[in-house]
There are 2 protein chains.
Amino acid sequence: MASAETAETEPENHSACLVQLRNPHVARMKEDILYHFNLSTSTHDLPAMFGDVKFVCVGGSPSRMQAFIKYVSSELGLGLPGEDHPNICVGTDRYAMFKAGPVLSVSHGMGIPSIAIMLHELLKLLHHARCSGVTAIRIGTSGGIGLEPGSVVITRQAVDACFRPEFEQVVLGRRVVRGTQLDAQLAHELLQCSADLSDFRTVLGDTMCTSDFYEGQGRLDGALCSYTEADKQEYLRAARAAGVRNIEMESSVFAAMCRACGLPAAVVCVTVLDRLEGDQVSSPHEVLAEFQQRPQRLVGHFIKKRLAAA
Amino acid sequence: MASAETAETEPENHSACLVQLRNPHVARMKEDILYHFNLSTSTHDLPAMFGDVKFVCVGGSPSRMQAFIKYVSSELGLGLPGEDHPNICVGTDRYAMFKAGPVLSVSHGMGIPSIAIMLHELLKLLHHARCSGVTAIRIGTSGGIGLEPGSVVITRQAVDACFRPEFEQVVLGRRVVRGTQLDAQLAHELLQCSADLSDFRTVLGDTMCTSDFYEGQGRLDGALCSYTEADKQEYLRAARAAGVRNIEMESSVFAAMCRACGLPAAVVCVTVLDRLEGDQVSSPHEVLAEFQQRPQRLVGHFIKKRLAAA
């Protein structure tokens, strides 16, 4: 049934540090319309617009990714204070994209299909722009398991709802399975950055990536639920015992696609609640707003440190 | 492995026409925070805000759902011409929600997980607001199979990437399968509305719902692709032979969840290209804009007719 595509997990020519598409058809296309970005190779000079990109940061919410580019631009001393960063994807509201120097910030919506569409077009954009040495980081929110809310989790590997480090997809009606490991060196570098900052707890752990927020994560507060609190606790405790520290909805395909195309990738998510204690996200708005800044501060520091070392 | 939940496909008390949650825990909650809408039972008077809703229309893009409420409001002679319809979900950019009289218009982003989060919270909202006799319609875009671009497809049933009328989900690590039939009478009523308008072609057919836009729909133009044009053609032609007329990314969970909670539901999508002819969406902007208005015009006419008959 499921076939492991080992070839896809070993990109050729990794040493060149270019973004490697895994699709021979693209080279033969006269024009490539990146439909959900409202960009195209025939109407936009992608190498001029994006050729200097070294850090791609992605997250669910457009306004959060706009806040991130503002923050990182100010942290890196790029541009003038208060300078506006216009949305590059004008004319579409599918995704929002912002750029400051070598940093690209892109929203991806919620769930595997939404981030997958964005990643297909982002990887092609980076390829067409002839970018090299790009690092990809997802910054997001998640539910923690047995962690104080506000803790940040750096993902070792993404696992599915059965705790397997796999991303399964249906291609031409057949199941294809890809690996979901993330870059170990990058994860440790980010962990060190959190130690430098030392203003919130950060742990390294596995992240469970589900296709649903309610039943798919064992919540008792959706429109549908056919199990008990005890069933839920048993499932979440089994996840914790298997190494899972938090749950979100995009990491597996992000890990699998970045890996296939030779991009070192990391996932840095803050936990907005402890799922062993409840299901509803009920912290006050200002507490949640501060929590959501933590991955941004961590990744901002990482980029600053990397650029200083270059 | 997969277990059919037949009980879930026969909502109790359908005759009362109330929105039936399939979760006994909700009745015991003191407060219900609809997190991704930024609404809550303790801070908002949901029956006063939403108690008169009879038609819920959902679609991927926030701006398109705003355009729809403006259009339908003008068509139904509700409010003043040019009147603003503020976004009810202020303080979040996950979803956008607009209301005009008995019509609620809500965006759901792209893909099954994104629309599923919205539907869990929407079904709870309608339940808390004690709405009755609600009809749910998804209006969207899709890729057609063997249809002239601009044709509209009214979905008979949603099928998965193996052409089965099933929505499969993982709950507490176990596969659960739900049915994806849509309301046959509603589909025929909508087909009649298209005949009334007689300004574009509309067909009744099965809709394939996939979890990916590129490899998951047999496209050759993604960042990853390991098959040939011939493989793609074989797959799409098999889909057509199985009754599939268009492909999108939300219909299966929309059908399954509305059915479970006793809401008559329909899916009305325009096709923006014929997938037998290509993969890229390359029609000019103004052509696509007119295509996207077709489901809106059809559903606007349907609502007007229903209200006139009431």
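Note that the structure is a prediction, hence the values are computed from the model and not measured.
- Among the candidates V26(B), V19(B), V281(B), the residue making the largest number of heavy-atom pairs closer than 4.5 Å to chain A is V281(B).
- Considering all non-hydrogen atoms of both residues, F213(A) and I117(B) come closest at CB-CG1, 3.6 Å.
- Here the side chains of S61(A) and R94(B) are in contact, with some heavy-atom distance below 4.5 Å.
- To the nearest 0.5 Å, atoms CG (D221(A)) and CD1 (I33(B)) are separated by 9.0 Å.
- Neither the backbone nor the side chain of H127(B) comes within contact range of chain A; no heavy atoms are under 4.5 Å apart.
- Nearest heavy atoms, Q280(B) versus E31(A): OE1-O, 3.7 Å.
- If you take OG on S226(A) and CG on N23(B), they are separated by 9.0 Å, rounding to the nearest 0.5 Å.
- Of the listed residues (A116(B), S40(B), S63(B), G111(B)), the one with the most heavy-atom contacts under 4.5 Å to chain A is S63(B).
- Residues P113(A) and P113(B) are in side-chain contact: their nearest non-hydrogen atoms beyond the backbone lie under 4.5 Å apart.
- Residue contact with chain A, scored on non-hydrogen atoms closer than 4.5 Å, involves the backbone of T228(B) exclusively.
- For chain A, no part of E234(B) is nearby; none of its heavy atoms comes within less than 4.5 Å.
- In terms of heavy-atom pairs under 4.5 angstrom with chain A, the leader among G60(B), P62(B), P24(B), S114(B) is P62(B).
- In this structure, the separation between OH on Y35(B) and CG on L273(A) is 9.0 Å, given to the nearest 0.5 Å.
- Put simply, the side chain of H25(A) does not reach to within 4.5 Å of the side chain of Y227(B), judged on heavy atoms.
- Between R174(B) and E215(A), no side-chain nitrogen of the basic residue sits less than 4.0 Å from a carboxylate oxygen of the acidic one, so the salt-bridge criterion is not met.
- Distance check, rounded to the nearest 0.5 Å: OG of S211(B) to CD of E168(A) gives 10.5 Å.
- When all heavy atoms of L172(B) and K232(A) are compared, the pair lying nearest together is CD2-CA, 4.4 Å.
- Chosen from T92(B), L21(B), D93(B), L220(B), the residue pairing most often with chain A at heavy-atom distances under 4.5 Å is D93(B).
- Using a distance-only test at 3.5 Å, with no hydrogens or angles considered, a donor-acceptor pair links the side chain of H120(B) to the main chain of A223(A).
- The choice from G222(A), G216(A), G91(A), A238(A) that makes the most heavy-atom pairs within less than 4.5 Å of chain B is G222(A).
- Two residues are said to be in side-chain contact when any heavy atoms from C-beta on lie closer than 4.5 Å; L224(B) and C261(A) meet this criterion.
- Contacts between L125(B) and chain A at a heavy-atom distance below 4.5 Å are absent for every atom of the residue.
- When V253(B), L123(B), V171(B) are compared by the number of non-hydrogen pairs under 4.5 Å with chain A, V171(B) comes out ahead.
- Both the backbone and the side chain of D32(B) come within contact range of chain A, judged by heavy atoms closer than 4.5 Å.
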